[in-house]
Enquirer: 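Provided herewith is a single structure, encoded as structure tokens, for subsequent inquiry.
Position 1 is the first residue of the sequence, and the numbers go up from there. Source: prediction; values computed, not measured.
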Amino acid sequence: MLQEQKLTNSIQKRGALYALQTICSYFSENLESKLPRLIEIVYNSIKNIKFPINDPNMNTLKEKDEEAQELIKNLQVFEVVCSKMHKCFVPKLLELLPIFSKLLIHPYSAVRHLSARCLAASVELDPVVTMTTIINDVLPLLDAPDSDVKRKGAIEAVVCIVDKLQFDIVPYIVLLIIPLLGRICDQEESVRKMSSQCFATLIQLMPLDGSVPVPPNLSDETNTLIQSQRQFLDQLFNPNQISDFKVPIMINAKLRSYQQTGVNWLAFLNKYKLHGILCDDMGLGKTIQSLCILASDHFNKSEKHKETGSPDSVPLPSIVVCPPTLIGHWTHEVQKFIPKNILRPLQYSGLPVERQKLRAYADDYNLFIVSYDIVRKDIDFFSKIKFNYCILDECHIIKNGKTKASQAIKQLKANHRLVLSGTPIQNSVLELWSLFDFLMPGFLGTEKQFAAKYSKPILASRDAKCSSKEQETGVLAMEALHRQVLPFVLRRMKEDVLSDLPAKITQDYYCDLSPIQQQLYEDFSKTHIHKHLSDTETDEKSHPPNKNNILQALRYLQNVCNHPKLVLTPQHPQYSNITKQILESNSSLTDIQHAAKLPALKQLLMDCGIGLVSNDETVISQHRALIFCQLKSMLNIIENDLFKVHMPNVSYLRLDGSVPVSQRYSLVNRFNVDPSIDTLIMTTQVGGLGLNLTGADTVIFVEHDWSPMKDLQAMDRAHRIGQKKVVNVYRLITRSTLEEKIMNFQKFKLKTANTVISSENSSLQTMGTDKLLDLFSLDDPSKEKNKTNSSSSSIKSVLETLPELWDAKIYDDEYDLNGFIQTLNNG
């Protein structure tokens with residue numbers, strides 16, 4: 001019965017609405033003479049409302065329920081018919097705008113709600129006049145600290161206007177943003193949530209600002225206001241536009257330029273009562289930047305209170321919440337940089353009895369430094385304190401909003417909230433929701449809404465099997481999320497401060513040969529080839545070293561360093577012996593532990609956040625990688641033995657000589673524009689020249705070219721104009737092998753492509769064979785220090801001629817070593 005009654009009511013409502021609108025259209029300009037009662041309801045009854053005298057908040061209207069009910073009916077009729085009435089009635093209807101504005105502070109929420117909707121409906125009569133009323137009469141109510149009712153009515157009107165105008169709100173966005181920002185952290189939950197959601201809507205439309213013309217008939221005053229507010233928005237979205245903030249106290253530190261920019265941003269947030277996340281890269285000084293604004297605000301409020309005694313400047317304590325290991329660090333930093341008369345830190349820790357004693361002295365301090373766990377345990381104490389600043393350091397503790405620690409932290413009351421983190425998102429974008437739920441509850445919607453709008457589409461786009469539509473949806477969701485949180489997040493990576501830190505960091509990543517690789521390497525010294533090279537040592541002039549044998553030996557040992565599969569063919573003298581060993585250990589040659597570089601590559605990718613899984617969901621990595629090999633066969637091993645078996649969540653593309661030249665650009669472009677692709681694996685020969693691969697910020701060399709210039713050119717595919725991140729270059733090197741000896745001389749220090757060839761090293765024939773043999777034997781680490789400079793110099797002479805011999809044809813032939821392997825057991 002109840003369901004049927006609801007359906008009947010709904011039909012009656014729609015019928016009445018249609019009837020009223022049809023009547024207005026039918027009688028047109030004759031409506032007042034033909035149906036005066038309708039004009040009485042829509043205009044006269046509202047125009048003649050008598051507001052209580054000497055009652056600015058209209059609280060006496062609470063006693064007049066019948067009048068309120070009649071007013072609600074009249075407002076409903078106005079909302080339905082105003083846009084359908086003839087244009088001759090528009091001036092009369094617009095006279096009601098000040099009435100609607102005043103009704104926004106009516107004590108009954110139903111009246112406020114209908115008044116807000118009537119203001120939104122009036123936009124269709126004249127958007128400029130209506131928006132002028134909103135700017136002059138409604139927005140000031142948002143800043144009424146003495147009345148929750150005023151702020152509730154005003155925010156509801158703004159929400160209705162934004163919903164009504166849709167894209168037509170764009171010219172007015174700049175006028176609405178600042179008042180909304182002031183209410184994002186309102187003490188009244190309904191005001192806070194509506195402000196946050198409305199701001200989130202407008203922030204998505206911000207890119208259109210400037211592309212939509214301002215209405216021509218706006219007043220000069222409104223136009224001037226728009227221009228001045230645009231300056232604020234420039235600063236909101238670009239911290240570099242914020243003027244320098246002068247720290248009013250002496251701090252014992254000299255700020256770097258990017259740190260001053262960070263302090264400027266924090267001061268900007270402070271001025272407009274906003275909250276944010278400072279997530280500079282590790283080591284860039286988040287602590288000193290936050291202490292600057294914390295101490296400055298304490299000093300400024302104290303000075304203002306001395307002068308005026310105003311309630312908003314009453315000195316309040318602040319709190320820093322951090323992991324236990326950082327409590328001492330924070331205390332030390334405060335004492336090191338900030339004068340004692342400004343900040344007096346209290347290390348609030350210890351057993352419950354000790355903490356109970358500390359509370360007796362709490363009033364003597366103005367900065368609590370405490371761990372997350374202690375806040376959780378003593379939340380009854382902390383929740384009663386009104387703090388000035390609440391700073392969360394290493395905020396991963398609250399990234400899961402369901403933990404008790406997270407729920408306790410969100411009970412803290414503070415004028416200003418600041419989160420510090422070097423890695424704001426470690427596992428899932430859902431973590432970002434929890435951070436903003438602390439900073440600005442409601443700004444990113446509920447957890448369920450956030451997951452549906454952002455988290456799920458982004459995660460779905462990371463699936464290797466996702467469709468192009470899912471990829472596009474994921475990218476759009478990431479862009480929308482970025483745009484929404486951008487004003488409240490400041491993140492500088494090392495590449496953002498190039499004057500202080502390098503833009504490209506090259507690191508050698510050493511790994512030890514597996515037992516099988518070591519066995520193959522050592523067995524080489526027993527072969528006929530090695531013996532032949534040794535024999536030439538006794539008579540270098542009559543038996544110069546054979547260039548072909550040297551190259552074949554180098555290629556063979558390089559393959560041993562990369563993977564036993566590359567040399568262990570049935571023709572190899574050790575094939576049966578090693579195959580038997582592997583079978584006896586219940587293993588196979590495809591297991592990655594038999595190749596030193598594969599477990600190292602796996603760990604390196606995981607360290608970059610690539611291929612991780614958390615709670616059965618693929619973790620979104622902040623890094624993307626280029627993986628270079630010399631051989632297509634090595635790419636096959638990485639693809640089949642590592643990715644497909646051990647890292648199935650890694651999404652990748654492959655680029656080698658088998659990809660037609662005509663298709664290479666589209667493949668590269670796909671990698672650059674699609675953040676869901678984690679890695680691009682390629683051969684140095686194909687991927688190392690002429691391509692722009694700035695979509696990646698990590699470069700990994702699994703194999704190396706003897707010529708340092710070829711590897712330099714390969715890494716510069718990512719490290720070039722357009723790259724926004726610091727480029728980390730990793731070179732996987734097998735320890736104590738020819739690979740390490742060769743790479744020791746490269747070190748990527750060559751500044752020119754031209755190698756100086758002197759008469760002493762113009763060819764391999766002039767090299768000392770005894771030094772050349774050092775390349776083909778495993779080093780004993782304990783004897784490393786005893787190497788002579790002359791030995792190093794001789795090996796360098798050998799290596800400097802190798803680039804001339806290592807031509808493109810070698811890559812195309814894939815280092816065909818079958819013939820060479822067959823000669824290993826020839827006597």
Enquirer: Side chain to side chain donor-acceptor pair (under 3.5 Å), that's the test. Do Tyr389 and Asn270 meet it? Break it down for me.
Expert: CA-CA 10 Å; Tyr389 261 91; Asn270 177 281; 3.0 Å; yes

Enquirer: Would you name the heavy atoms of Leu343 and Ala295 that are closest together and state the gap between them?
Expert: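 Result for this residue pair: CD1-CB, 4.0 Å.
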
Enquirer: Is it true that a side-chain atom of Thr679 and a backbone atom of Ile681 form a donor plus acceptor pair closer than 3.5 Å?
Expert: no

Enquirer: Can you check salt bridge (Lys or Arg N to Asp or Glu O under 4.0 Å) on Arg731 and Asp508, steps first, answer last?
Expert: CA-CA 5 Å; Arg731 305 186 300 172; Asp508 291 340; 2.6 Å; yes

Enquirer: Could you check whether Lys597 and Asn562, counting side-chain N and O atoms only, form a donor-acceptor pair closer than 3.5 Å?
Expert: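 Side-chain D/A pair, Asn562 to Lys597: present.
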
Enquirer: Has Ser296 got a side-chain atom pairing as donor or acceptor with Val247's backbone, closer than 3.5 angstrom?
Expert: no

Enquirer: Going through the distances and angles, do Phe643 and Tyr652 end up as a ring-ring contact (aromatic ring centres under 6.0 Å, His included)?
Expert: CA-CA 9 Å; Phe643 284 175; Tyr652 65 93; 5.1 Å; yes

Enquirer: Please report the closest heavy-atom contact between Leu667 and Arg654, naming both atoms and the distance.
Expert: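 Heavy atoms of Leu667 and Arg654 come nearest at CD1-O, 3.4 Å.
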
Enquirer: Which residues satisfy the side chain to side chain contact (heavy atoms under 4.5 Å, CB included) test with Asp512, sequence neighbours excluded?
Expert: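 So Asp512 forms a side chain to side chain contact (heavy atoms under 4.5 Å, CB included) with Arg735.
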
Enquirer: Go through the structure and list residues passing side chain to side chain donor-acceptor pair (under 3.5 Å) with Tyr454, not counting sequence neighbours.
Expert: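 Per chain and number, Tyr454 pairs via side chain to side chain donor-acceptor pair (under 3.5 Å) with Gln484.
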
Enquirer: Is there side-chain contact between His416 and Cys390, with at least one heavy-atom pair below 4.5 Å?
Expert: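 In short, these two side chains do not touch, never coming nearer than 4.5 Å.
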
Enquirer: So Met634 and Thr683, do their side chains get closer than 4.5 Å, heavy atoms only?
Expert: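 The answer is no; the side chains never approach within 4.5 Å.
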
Enquirer: Exactly one of Glu470, Gln471, Arg624 should register a side-chain contact (heavy atoms from CB on, under 4.5 Å) with Ser676. Which one does?
Expert: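 By the side-chain contact (heavy atoms from CB on, under 4.5 Å) criterion, Ser676 pairs with just one of Glu470, Gln471, Arg624: Gln471.
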
Enquirer: For the backbone of Val729 and the side chain of Gln507, can you confirm whether one donor and one acceptor N or O come within less than 3.5 Å of each other?
Expert: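 Side chain of Gln507 to backbone of Val729: no pair is present.
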
Enquirer: Check whether Asp697 reaches the backbone of Val726 with its side chain - one donor and one acceptor, N or O, closer than 3.5 Å.
Expert: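 No, the answer is negative, given that no donor and acceptor are paired below the 3.5 Å cut-off.
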
Enquirer: Between Lys453 and Gly445 (side chain of the first, backbone of the second, donor and acceptor by atom type, cut-off under 3.5 Å), is there such a pair?
Expert: no

Enquirer: I need the single residue from Phe438, Trp433, Phe436, Phe450 that forms a ring pair (Phe, Tyr, Trp, His ring centres under 6.0 Å) with Phe443. Which is it?
Expert: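 Running ring pair (Phe, Tyr, Trp, His ring centres under 6.0 Å) over Phe438, Trp433, Phe436, Phe450 with Phe443 returns exactly one hit, Phe436.
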
Enquirer: Return yes if some donor-acceptor pair links the side-chain N/O of Asp674 with the main-chain N/O of Arg670 below 3.5 Å, else return no.
Expert: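 No, the answer is negative, given that no donor and acceptor are paired below the 3.5 Å cut-off.
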
Enquirer: Would you confirm whether Gln289, through its side chain, and Gly285, through its main-chain N or O, come within 3.5 Å as a donor-acceptor pair?
Expert: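 Such a contact is found between Gln289 side chain and Gly285 backbone.
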
Enquirer: What's the shortest heavy-atom distance between Ala625 and Ile700, and which atoms?
Expert: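 Shortest heavy-atom contact: CB-CD1, 4.5 Å.
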
Enquirer: Listed by chain and number, what are the side chain to side chain donor-acceptor pair (under 3.5 Å) partners of Gln517, not counting sequence neighbours?
Expert: Ser514

Enquirer: Donor-acceptor pair, distance only, cut-off 3.5 Å: does the side chain of Gln260 make one with the backbone of Phe245?
Expert: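 The answer is yes, because a donor-acceptor pair under 3.5 Å joins these two groups.
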
Enquirer: Strictly by modelled atom types, are Asp678 and Ser651 linked by a side-chain donor-acceptor pair under 3.5 Å?
Expert: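 Distance-only check passes for Asp678 and Ser651.
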
Enquirer: For this output row, return yes or no: ring centroids of Phe488 and Phe199 closer than 6.0 angstrom.
Expert: yes

Enquirer: Please answer whether the main-chain N or O of Ala451 pairs with a side-chain N or O of Lys456 as donor and acceptor at a distance below 3.5 Å.
Expert: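 Absent.
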
Enquirer: Give me the atom names and distance for the closest heavy-atom approach of His563 to Ala595.
Expert: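 For His563 and Ala595, the tightest heavy-atom pair comes out as CD2-CB, 3.2 Å.
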
Enquirer: In residues 600-611, what donor-acceptor pairs under 3.5 Å come from side-chain atoms, sequence neighbours left out?
Expert:
| unit_1 | atom_1 | unit_2 | atom_2 | d |
| --- | --- | --- | --- | --- |
| Gln603 | NE2 | Asp607 | OD1 | 2.8 |

Enquirer: Taking side chain to side chain donor-acceptor pair (under 3.5 Å) as the test, write out the residues that go with Asp437, two or more places apart.
Expert: Lys410

Enquirer: What's the shortest heavy-atom distance between Ile277 and Trp265, and which atoms?
Expert: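 Distance-wise, the nearest heavy atoms are O-CH2, 3.5 Å.
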
Enquirer: With sequence neighbours left out, what residues match Leu476 under side chain to side chain contact (heavy atoms under 4.5 Å, CB included)?
Expert: Glu472, Glu479

Enquirer: Could you check if a side-chain atom of Arg417 sits within less than 4.5 angstrom of a side-chain atom of Ile391, using non-hydrogen atoms only?
Expert: no

Enquirer: Is it true that a side-chain atom of Glu739 and a backbone atom of Cys561 form a donor plus acceptor pair closer than 3.5 Å?
Expert: no

